[in-house]
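Just so we're on the same page: letters track the sequence lines, and every chain starts at 1.
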Protein chains: 2
Amino acid sequence: MEPEPKPTRIQQKNRDLILEAALSAFSSNGFRGATIDQIAEAASLSKPNVLYYFRSKDEIYQTLLTRLLETWLTPLQQLDPNGEPLEEVLQYVRDKLIMSRDFPRESRLFAHEILEGAPQLESILSGELRDLVGKAVTTLRGWMDQGRLAPVDPHHLIFSIWAMTQHYADFDVQVRAVLGPGHDPFAEAGAFLDNLYRRMLAV
Amino acid sequence: MEPEPKPTRIQQKNRDLILEAALSAFSSNGFRGATIDQIAEAASLSKPNVLYYFRSKDEIYQTLLTRLLETWLTPLQQLDPNGEPLEEVLQYVRDKLIMSRDFPRESRLFAHEILEGAPQLESILSGELRDLVGKAVTTLRGWMDQGRLAPVDPHHLIFSIWAMTQHYADFDVQVRAVLGPGHDPFAEAGAFLDNLYRRMLAV
DNA sequence: TGGATTATTGACCAAACGGTCAGGATCAGG
DNA sequence: CCTGATCCTGACCGTTTGGTCAATAATCCA
């Protein structure tokens, strides 16, 4: 095993700077579209200096992706089997919409990765993610069997929540262009989705 | 005005070949991720030959995008104000889901473009598209005012349909990874969405 | 069939890109 | 204040990429 020395103060700061800059770059241009120069400039570092902290562009991307994945999946884990079914689902929808509003770059980063066939995430998708979703599906199906939630396909219920909440981050330009000025997409979406899932899931 | 000579047989064939190859390349790698060599190989042409038919990579992309946009927006225009409200909406959902199933590359091409801020489409989004959506919104609102459809925000109703149907094309890898083998995502989604919009919109 | 038009390509170019390296600046600890 | 470790950079390298061009091949039509 390698000693794995603890990072110095400067290392901490610069690694964070780089990852922050990389998040912006990768999320708006995809992996291939983003350049190290771009990241370096956004982080106010020289290109060789960026490559002093990360061995390659790939390593920056990989680090960013895995570091963000956990955060991204947290809300789904908070679905409480002992809670009030409808309220639990609505809370999940709210959480996901808030994440789209407050962390649109993260959402777009994952969107890019999946769109391009998820070369880095494939194993996680059909591993950790599948298990996590599996648990949620069991919980949801339990509620439906008990007659506390209208019976719908639980997998597709989850997909629908992902699709509709992330849409407001990933397709933000389109949403705003179509709505025109004088709209607050996220506020309106909050009300719309609350109503939608109440109607769909109320027994 | 330029004479604009009519294309020869060979021009017709090779332009189509190139656009077909470009659709595959751009949809799976985005604009920057795709290369002219890649397109040339997929079209079984040499790179200079590709550039003989299109002046630049940009021109290929632009041509592809505008040529596909009309097809992409057709279903929304078919919303008939004189039809049965619920049935009209359900038909639109069905049409959009079929397009996701049969033309996933087109869906991903647009997804990439919007994700990256829609540099080429911005004017269309807040022009033609906004108008088109505006008409549909008027129709929907009319139905709701007449009490023939449950009252929901028409704009976000349309967004929800886009989000949920295109999700199955754009996030195909994720959907399949989470579902595991032995599933037909599009068939299941068809039933799920039919039920969803019935429950949401029934008076 | 001949000559003009159209189609095709190998060789090439400049810019952008990911990455390396030797050497100098800075910093932390004794 | 010295010394070793960490930090930083200008110059450089090989490759990829978008695009050009002169020359050759195929096609068309009078």
Seminar exercise, completed: Outermost contacting nts on DNA chain D, any atom under 4.0 Å from chain A heavy atoms, listed 5' then 3', are D/dT6 to D/dT17
Exercise. Which is it for B/E188 and B/L179 under the side-chain contact (heavy atoms from CB on, under 4.5 Å) test, yes or no, and what are the steps along the way?
Worked result: CA-CA 11 Å; B/E188 295 171 13; B/L179 283 179; 4.0 Å; yes
For this session: Apply side-chain contact (heavy atoms from CB on, under 4.5 Å) to the pair B/Y92 and B/E88, showing each step before the final yes or no.
Result: CA-CA 6 Å; B/Y92 178 54; B/E88 286 294 319; over 6 Å; no
Exercise. Taking A/S100 for the side chain and A/T165 for the main chain, is one N or O donor matched with an acceptor at less than 3.5 Å?
Worked result: yes
Exercise. 5' to 3' on DNA chain C, which nucleotides open and close the contacts with chain B (atom under 4.0 Å from a heavy atom)?
Worked result: C/dT6 to C/dC17
Exercise. Checking A/R101 against A/Y168: charged group under 6.0 Å from the ring centre and within 45 degrees of the axis?
Worked result: no
Exercise. A/F159 vs B/H167 aromatic rings, parallel, tilted or perpendicular, using cut-offs 30° and 60°?
Worked result: tilted
For this session: Kindly determine whether B/L76 and B/V133 satisfy side-chain contact (heavy atoms from CB on, under 4.5 Å), including the steps that lead there.
Result: CA-CA 8 Å; B/L76 189 55; B/V133 170; 4.1 Å; yes
Exercise. Just wondering, more than 12 heavy atoms not from B/R67 lying within 6.0 Å of its CZ?
Worked result: no
Exercise. Which pair of non-hydrogen atoms, one from B/Q120 and one from B/E113, has the smallest distance, and what is that distance?
Worked result: N-OE2, 2.8 Å
Exercise. In terms of side-chain geometry, is the basic nitrogen of A/R198 or A/D194 positioned less than 4.0 Å from the acidic oxygen of its partner?
Worked result: yes
For this session: Compare every heavy atom of A/M200 with every heavy atom of B/R199, then report the nearest pair and how far apart it is.
Result: NH1-O, 3.2 Å
Problem set entry | Interface with DNA chain C, restricted to residues 34-53 of chain B and to heavy atoms under 4.0 Å | B/S46, B/P48, B/N49, B/Y52, B/Y53
